[in-house]
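I have placed the structure first, in the form of structure tokens, so that the comments after it can refer back to it.
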Amino acid sequence: NRNGTVRRRVGECATDLYADHGEEMIDLAAASGDPFFLLFSFTAPHRGVGDIFPPRHADRFSGRRAPRVRSFNADNHHHPPFLSRRYPELTTTDLDRIDARWRDELRSLLALDEAVDRIVDRLSARGELDDTLLVFTSDNGLFHGEHRVGFGKYLPYEPALRVPLLIRGPMIPDERRGTEVDAAVVNVDLAPTI
């Protein structure tokens, strides 16, 4: 849906389409000379919203497996009973599905990285980058076999809770640029921080 006009774009990666539209919006906004705000809500790596990754990445990450962290397929009897009943030990079929989804998500995130590069490059080309605050975050993480949870995001465990938060802009003091902060934050902290 673009300004009320619905267009079907079958066979195209949604992330690439968002980047196309983003570059157009930056061109229009920069030409106005006025300050502007743009929000890109990429759907990657979610399934079911356009093609998850572009065909150019179909052969990438072959053979990669989801990380086998300590909690991967681990005995969960010490968790709440509903968890151990709902999530038994993962089978070979489960593991294959998890790994296939992991590869697809990596492919989709590669396209997302490219889209972010395009947006940053367009801001730079239009002379806007030095005056732009960029914030990159996500709404949730995803499970990939941790605690025997093959997929999803609805449980209060680290894989679903941890998300990136990167902030870049001209008002960041020089001594803070390139630093990492271990403080816990949530979405309600974004507006006061900005």
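Everything numeric in this text was worked out from a predicted model, so none of it was measured.
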### Query
Apart from L110 itself, what residues make up its hydrophobic cluster, given side-chain heavy atom links below 4.5 Å?
F61, W102, L106
### Task
May I ask you to decide if the ring planes of H147 and F143 are parallel, tilted or perpendicular, using 30° and 60° as cut-offs?
perpendicular
### Query
Cluster partners of L161, using ILVMFWY side-chain heavy atoms under 4.5 angstrom, listed by chain and number?
none
### Summary
By side-chain hydrogen bond (donor to acceptor under 3.5 Å, both in side chains), H77 pairs with (sequence neighbours left out) D75
### Task
Would you list the pairs meeting side-chain hydrogen bond (donor to acceptor under 3.5 Å, both in side chains) in which at least one residue belongs to residues 173-186, sequence neighbours left out?
D174-R177
### Task
Check whether any side-chain heavy atom of D139 lies under 4.5 Å from a side-chain heavy atom of V163, and answer yes or no.
no
### Query
Can you list the residues that meet the side-chain hydrogen bond (donor to acceptor under 3.5 Å, both in side chains) rule with D113, with sequence neighbours excluded?
none
#### Entry: Side-chain heavy-atom pair D130, P170 within 4.5 angstrom cut-off
no
### Task
Verify, without hydrogens or angle tests, whether D27 (side chain) and E24 (backbone) share a donor-acceptor contact under 3.5 angstrom.
no
### Summary
By ring pair (Phe, Tyr, Trp, His ring centres under 6.0 Å), H57 pairs with (sequence neighbours left out) none
### Message
Could you work out, with side-chain hydrogen bond (donor to acceptor under 3.5 Å, both in side chains) as the rule, every residue matching D121, not counting sequence neighbours?
### Response
none
#### Entry: Pair R101 + E105: basic N to acidic O under 4.0 Å
yes
### Message
Using side chain to side chain contact (heavy atoms under 4.5 Å, CB included), reason through N73 and E89 one step at a time and then give a plain yes or no.
### Response
CA-CA 6 Å; N73 205 16; E89 185 173 3; 3.7 Å; yes
### Message
Suppose we screen for side-chain contact (heavy atoms from CB on, under 4.5 Å). Which residues come up paired with A30, at least two apart in sequence or across chains?
### Response
R126, E128
### Task
Please check if the side chain of R65 supplies one atom and the backbone of D99 the other of a donor-acceptor pair under 3.5 Å.
no
### Task
Show which residues join L95 in its hydrophobic cluster (side-chain heavy-atom contacts under 4.5 Å, direct or indirect), or state none.
V69, F72, L90, I98
Review item, side-chain donor-acceptor pairs of residues 149-158, under 3.5 Å, at least two apart:
unit_1	atom_1	unit_2	atom_2	d
Y157	OH	H79	ND1	2.8
E158	OE1	R162	NE	2.5
E158	OE1	R162	NH2	3.2

#### Entry: ILVMFWY cluster membership beyond L39 - transitive side-chain contacts under 4.5 angstrom
F37
### Message
Under the rule for side-chain hydrogen bond (donor to acceptor under 3.5 Å, both in side chains), what residues qualify as partners of N76, not counting sequence neighbours?
### Response
none
#### Entry: Minimum side-chain heavy-atom gap L38-I119 below 4.5 Å
no
### Task
Flag the pair R107 and D104 as a salt bridge only when some basic side-chain nitrogen lies within less than 4.0 angstrom of an acidic carboxylate oxygen.
yes
